[in-house]
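Have a look at the structure below before the remarks.
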Amino acid sequence: MRIDVVTLFPDFMRQCAAVGVVGRAQQRELLQVQTWNPRDYATDNYRTVDGRTCGGGPGMVMLIEPLRKTLEAMREAAPKPVHLIYLSPQGARLTQGRVEALAEMPRIALLCGRYEGVDERLLAHEVDEELSIGDYVLSGGELGAAVIIDAVGRLQEGALNDAQSAEQDSFSNGLLDCPHYAKPVHDALGDVPEVLLSGDHAAIRRWRLKQSLGRTWLRRPDLLAQRALDKESRALLDEFRREHAQ
Ligand SMILES: Nc1nonc1C(=O)N[C@H]1C[C@@H]1c1ccc(S(N)(=O)=O)cc1
C-alpha cells in the first residue's frame, strides 16, 4: 500500500512513519509513505502557501495554486489512482471500520491543513473524503495523518507478528479489548487472574470475551448498542452485570 502525505512538515511525517510497526512495514515494503511539501510548488520568491481569509477576520488559509500543483505532481508520481482524504474537525469521525476499509485500498493520500484550513474551492474540486480524529481543533492535520498511517499501516498483511495480532485489538470485533497481564504472577499491585494461569484455553477465551463485553458495557455502551450479541455473549454479559451489581 502507498500513502502520500501533503504536508508543510514532511520531516515530522517521515519520522512518525519511520518507527515501530509502521517503520518495519516500510522496511518490509508492505507500505510506502511518500511526502509532498506545497512550499516546493509555490512559485513566488517567498514560497508563499497561505493567504488572508477573504471577508476579513483573523487567520490564514492555504492557497489553491501551490496545493493544486502539489496534488498534480503527487497523482503523476505513481500510476495507481489515489483516494484523497482531507484531515479536518469537520470530517466524518475516524472509526476502526473505516480504518479497515482504507487499509484495503492500494493508495490513499492525506492532505494536512494548517492555519484555518484549505481554500474551500480546492477541497470541493480535489478531495474525496474528509475525516476527523476527534472533536477538537489541532494546529495541523499532520497528527490526524499520523493516526491514519499508524492504524492503516499496522493492518497491512505481515506488519504485525503473531504476538501483536490485530484480531484481539479493541474495536476489531466491535468491543473494547479485555485486560492484559504479564509476569510476575503475584505482585504488590495484585495477582494475575487464576484462569489465565490454568492452561484451560476454552475457559481463558470465555473469560476474555466476558471481560471485553463487561468493559464495553461499562465504558462504551454505545458500541454495545450497535452490536448483535450471540447466545454465549449475552450469557457472559449477564454474568458480568450480576457480578458487577454485587
Ligand atoms: N480534529 C482534526 N481531525 O483531523 N484534523 C483535525 C484538525 O483539527 N486539523 C486542523 C489543522 C486543521 C484544520 C482544518 C480545518 C479547520 S476548520 N476551518 O474546518 O474548522 C480547522 C483546522
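The structure displayed is predicted, hence computed values, not measured ones. Whatever order the structure lists ligands and atoms in, that order sets their numbers, starting from 1.
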Subject >> For Arg208, all residues meeting salt bridge (charged side-chain N to carboxylate O under 4.0 Å, His left out), sequence neighbours excluded >> reply: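 Not a single residue meets the salt bridge (charged side-chain N to carboxylate O under 4.0 Å, His left out) criterion with Arg208.
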Pairs under 3.5 Å, N/O atoms on ligand 1 and on the protein: can you put them in a table with the distances?
from, atom 1, to, atom 2, distance (Å)
ligand 1, 1 (N), Gly134, O, 3.1
ligand 1, 1 (N), Tyr136, O, 2.8
ligand 1, 3 (N), Ile133, N, 3.0
ligand 1, 4 (O), Ser88, N, 3.4
ligand 1, 5 (N), Ser88, N, 3.4
ligand 1, 8 (O), Leu138, N, 2.8
ligand 1, 18 (N), Glu116, O, 2.9
ligand 1, 19 (O), Gln90, NE2, 2.5

**OP:** May I ask you to check whether over 12 heavy atoms, not counting those of Glu243, lie within 6.0 Å of atom CD?
**Re:**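 Correct, the count exceeds 12.
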**OP:** Output every pair passing salt bridge (charged side-chain N to carboxylate O under 4.0 Å, His left out) with a member in residues 67-77, not counting sequence neighbours, ordered by first then second residue.
**Re:**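 Output for this query lists Glu65-Arg68, Glu65-Lys69, Arg68-Glu72, Arg75-Glu126.
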Original post:
Quick one: salt bridge (charged side-chain N to carboxylate O under 4.0 Å, His left out) pairs with a partner in residues 192-206, sequence neighbours left out?
Top reply: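 Passing the test, one end in residues 192-206: Arg205-Glu232.
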**OP:** Heavy atoms only: give me the nearest Phe12-Leu143 pair and the separation to one decimal.
**Re:**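 Between these two residues, the closest heavy atoms are CZ-CD2, 3.6 Å.
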Subject >> Side-chain H-bond candidate by donor/acceptor type, Ser132 with Arg93, under 3.5 Å >> reply: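 Per modelled atom types, Ser132 and Arg93 side chains form no pair under 3.5 Å.
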